[in-house]
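I have placed the structure first, in the form of structure tokens, so that the comments after it can refer back to it.
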Amino acid sequence: MSAGVAMVRVARDLMAGASPADVAGDIAGRPVGKIRFGGFVRDTFDAVLWCLASASSYDERALAAVNLGDDTGITAAVVGALALLIIRGV
């Protein structure tokens, strides 16, 4: 499955009430040093899931994305969009 399709499924699951840890799966338990966050779509997908699962508020999730370094703009933007789904329970 492509990362784009997987991200849509994550958004759908979050809107249906799944927790960030549930949608992140095994990525949630990885130490930060094992998160790849380059410019590749799959790396961004994993980094986004890790940020969602590793923090409990919108601000903490966005900060986690920025603190990963490298391509932080894209990662933080996707984290922010999905974090709003969690907060608003759309």
Side-chain angles (χ1 to χ4, degrees):
M1 160 183 358
S2 74
V5 171
M7 192 63 72
V8 169
R9 289 183 177 172
V10 165
R12 182 193 63 204
D13 291 347
L14 290 171
M15 289 188 308
S19 75
D22 289 340
V23 298
D26 68 324
I27 295 169
R30 291 184 195 168
V32 68
K34 297 289 184 183
I35 302 300
R36 296 176 57 190
F37 40 84
F40 297 102
V41 174
R42 191 66 204 190
D43 292 343
T44 300
F45 178 74
D46 289 352
V48 165
L49 293 179
W50 183 84
C51 291
L52 290 174
S54 68
S56 60
S57 72
Y58 181 90
D59 292 345
E60 290 172 353
R61 289 177 174 117
L63 187 59
V66 172
N67 284 339
L68 286 175
D70 209 10
D71 192 12
T72 61
I74 297 297
T75 304
V78 177
V79 166
L82 293 176
L84 283 175
L85 295 178
I86 297 165
I87 292 168
R88 294 190 178 168
V90 176

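Residue numbers start at 1 and run along the sequence shown.
- Scanning both residues, Cys51 and Leu68, for their nearest heavy atoms gives SG-CD1, 3.8 Å.
- By the 4.5 Å heavy-atom criterion applied to side chains, Met7 and Leu82 are counted as neighbours.
- Shown here for Ala3 and Phe45, the closest heavy-atom pair between the two residues is O-CD1, 4.1 Å.
- Other residues, nucleotides and ligands place no more than 12 heavy atoms under 6.0 Å from the CD1 atom of Ile74.
- For Thr75 against Ala47, the heavy-atom pair with the smallest separation is CG2-CB, 4.0 Å.
- The two residues Ala65 and Ala76 have their closest heavy-atom pair at CB-CA, 3.7 Å.
- Note that the CE atom of Met15 and the CZ atom of Arg12 stand 8.5 Å from one another [nearest 0.5 Å].
- Inter-residue side-chain proximity for Leu52 and Leu14 is flagged as met; some heavy-atom pair is nearer than 4.5 Å.
- In this structure the side chain of Ile86 never reaches within 4.5 angstrom of the side chain of Tyr58, judged on heavy atoms.
- Between Asp22 and Asp13, every side-chain heavy-atom pair lies at or beyond the 4.5 Å cut-off.
- When side chains are defined from C-beta on, Ile27 counts as touching Ile35, because their heavy atoms get closer than 4.5 Å.
- Val32 and Leu49 fall within a single hydrophobic cluster, where Ile, Leu, Val, Met, Phe, Trp and Tyr side chains are chained together by heavy-atom contacts under 4.5 Å.
- When every heavy atom of Arg61 is checked against every heavy atom of Ala83, the shortest pair comes out as CD-CB, 4.1 Å.
- Considering every non-hydrogen atom in both Ala53 and Ala24, the closest pair reads CB-CB, 3.7 Å.
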